Structures are given as C-alpha cells and as structure tokens.
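Worth knowing before you read on, the calculation uses all heavy atoms, side chains too, and leaves out hydrogens, waters and symmetry mates. Here the structure is a predicted model, which is why all the values come from computation and not from measurement. Here, residue 1 is the first one in the sequence, and each next residue gets the next number.
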Amino acid sequence: MSNRILVVDDEESIVTLIEFNLQQAGFEVITAMDGEAGLRRATEDKPDLIILDLMLPKMDGMEVCKELRLQRIATPILMLTAKGDEFDKVLGLELGADDYMTKPFSPREVVARVKAILRRTRMSEEQVQEESEEGAILVGDLKILPEHYEAFYKGDKLELTPKEFELLVYLAKNKGRVLTRDQLLSAVWNYDFAGDTRIVDVHISHLRDKIELNTKKPVYIKTIRGLGYKLEEPRGNE
C-alpha cells in the first residue's frame, strides 16, 4: 500500500507539479487549495505526510499547523515558504512543522525530502515489531522507548512530533557527549542545510518546553556555548 501525501497549496501549477512528481515516485496524492480544506482533509483522510504552503486563503499554513498540533495530530509537516523569509520558516518550526523548503524548489528535492521523512517513520514502526522494552533508554525521569516511538517524563507520555522524537533519541543515545549542530543536522535530518542550524535550535527549544521544569535553567539538555548541545543526567542539586 502506497503512502498518502496531502498537498495543500493555492497555486494550481505548484499542486500539479508536486502531485505529478509524487505520483511518478509511487505515492498516493490528495490535495486541497485552501487552509480550511487542508485542515479538514488532514483530520479526515489521515495522510502519512503533509506538504503545507505558508500563504493560503481562508486559513494560513501557520494556523493549520498549529491547529493540527493542538489536536495532537503528529503527522509530519513539510512547510513551503517564500524564498529568504527567515521569520516565517522559524515561526513555522516553532508551531510544529517538521521541516521546510523555500520556493522555488526542485520537484526532485521535494520527493527526496518526502522519502527521507517516511523512511525514518517506517524504520521506527518496524522497530516496534522487532524490539522489546529492554531497549528503553533511561535518563533521570525520562524514559524513552525507541522501538515503540514513545517517550515518558515522570510517567506521563510526551506528545512529540516525529522530528522531536528522533532528536531526543539521538541525544539520549549519545548521553553526556557534546554534539554540534552540524552533527545533529546530519544524523537526525539526514541532509545538509548549508549551515542553517536554526532548525536544530528550534527543535531543542521544543524539547525543553516538554521535559524541563525551567527552560531558562535546563537540567537535561545543556547548551555548550560555541559547540552545540548535550543530554545529561540531571544532578541532585538542580
């Protein structure tokens, strides 16, 4: 059964271009031309991935993204933004998008990004069947089950997007080790953002919001100035 991709964009030429290339790559494609229709199809049709334009009539991409995350729908979102609009890119990531691409873009790159995201998701699902809870990673009050694609903090299940979860797992598997932003980009995103490491900072911020009691004084994910980040066991006096 092929993966279903939802494309939400009000430019018919872009929808047609993306739809054609995804179908050629073997994907099932559904489309929507405005934000309200996109939100409806995302909730009703349950696609495996959403390609979401930022500027949409009726309801913009930011609102759609935010509403989906508020409904705890963790479907990966690839957001399309205007070239060079850094504010929009970062805001989109802060609202829960997993990745972004700027227009104009190569249809081949869209397909490559979609395949990379779905490949990581599929690998995680396969691990659920192959592994047991013996593979749990424990860090302080954090319990991470890579094989079940679940993480808990003090016994409560964390609501994480796929990208947030992958980042947390990688940090946990390298507990105590300083990881540069470029290392995290390569390991978690599987491609080079040409030095655009803000995507790492935004996702680190998301994780801190969910696992730190005080995000200004984090005890789990520490910033190593001038280098990157590391996940460590919280000390008793923190």
Side-chain angles (χ1 to χ4, degrees), residues 3-9 14-15 17-19 21-22 25 27 29 32 35 38-39 42 47-56 60-69 73-125 149 159-171 179 181-207 209-210 229:
N3 290 109
R4 177 182 297 174
I5 312 299
L6 170 60
V7 181
V8 188
D9 198 304
I14 290 180
V15 172
L17 180 65
I18 296 176
E19 182 178 22
N21 282 273
L22 287 174
F27 295 106
V29 182
L39 179 60
D48 297 291
L49 183 143
I50 302 167
I51 299 176
L52 180 64
D53 187 37
L54 174 66
M55 301 302 295
L56 293 166
D60 67 32
M62 296 294 188
E63 293 177 277
V64 174
C65 184
K66 182 178 180 180
E67 182 60 30
L68 288 171
R69 296 315 185 217
I73 295 174
T75 306
I77 296 174
L78 173 60
M79 184 164 281
L80 304 179
T81 70
K83 185 176 182 180
D85 200 341
E86 184 65 27
F87 173 79
D88 285 337
K89 297 174 192 174
V90 174
L91 182 57
L93 294 170
E94 289 174 346
L95 290 177
D98 296 272
D99 197 359
Y100 66 81
M101 291 185 65
T102 55
K103 297 179 179 180
F105 50 77
S106 159
R108 291 180 62 186
E109 185 180 2
V110 174
V111 173
R113 296 274 185 106
V114 167
K115 285 182 176 180
I117 294 170
L118 292 175
R119 183 166 56 250
R120 290 190 293 271
T121 302
R122 184 167 57 251
M123 288 172 63
S124 297
E125 291 173 347
Y149 222 74
E159 297 295 337
L160 303 174
T161 66
K163 193 57 61 186
E164 290 166 5
F165 183 82
E166 291 162 23
L167 178 58
L168 179 60
V169 169
Y170 189 76
L171 287 167
L179 300 168
R181 291 172 175 82
D182 285 337
Q183 283 178 309
L184 291 170
L185 280 173
S186 176
V188 178
W189 279 267
N190 288 337
Y191 45 77
D192 184 10
F193 270 82
D196 186 0
T197 56
R198 185 65 187 274
I199 189 172
V200 174
D201 298 332
V202 170
H203 281 75
I204 290 288
S205 176
H206 288 173
L207 285 177
D209 286 340
K210 297 173 181 180
Y229 300 98

Please check this pair: side chain of D99 against backbone of L78, looking for a donor-acceptor N/O pair closer than 3.5 Å. no
Hey, does Y149 have a side-chain heavy atom less than 4.5 Å from the side chain of E166? yes
Are any non-hydrogen side-chain atoms of V202 and I199 less than 4.5 angstrom apart? no
Closest heavy-atom pair and its distance - [X], [Y]:
X	Y	answer
W189	L184	CE3-O, 3.6 Å
T75	P47	CG2-O, 3.4 Å
I117	P76	CG2-CB, 3.6 Å
L17	N21	O-ND2, 2.8 Å
I77	C65	CD1-SG, 3.8 Å
E159	K210	O-NZ, 2.8 Å

Please assess L49 against F27 for the test side chain to side chain contact (heavy atoms under 4.5 Å, CB included), listing each intermediate value before the final yes or no. CA-CA 11 Å; L49 183 143; F27 295 106; over 6 Å; no
Spatial distance of atom [atom1] ([X]) from atom [atom2] ([Y]) [nearest 0.5 Å]:
X	Y	atom1	atom2	answer
H203	F165	NE2	CZ	14.0 Å
L52	T81	CG	OG1	11.0 Å
L54	T102	CG	OG1	12.0 Å
I73	L39	CD1	CG	7.5 Å
S205	R198	OG	CZ	9.0 Å
M101	L80	CE	CG	7.5 Å

Kindly determine whether V7 and I14 satisfy side chain to side chain contact (heavy atoms under 4.5 Å, CB included), including the steps that lead there. CA-CA 9 Å; V7 181; I14 290 180; 6.0 Å; no
Under the side chain to side chain contact (heavy atoms under 4.5 Å, CB included) rule, what do I18 and I51 come out as? Steps first, then yes or no, please. CA-CA 9 Å; I18 296 176; I51 299 176; 3.9 Å; yes
Given D98, which partner from the list K163, R69, R113 fulfils the salt bridge (Lys or Arg N to Asp or Glu O under 4.0 Å) test? R69
Short N-O contact, D201 and R181, less than 4.0 angstrom: yes
Under-4.0 Å salt bridge between K66 and E63: no
Side chain to side chain contact (heavy atoms under 4.5 Å, CB included) for V200 and V188? Distances and angles first, verdict last. CA-CA 9 Å; V200 174; V188 178; over 6 Å; no
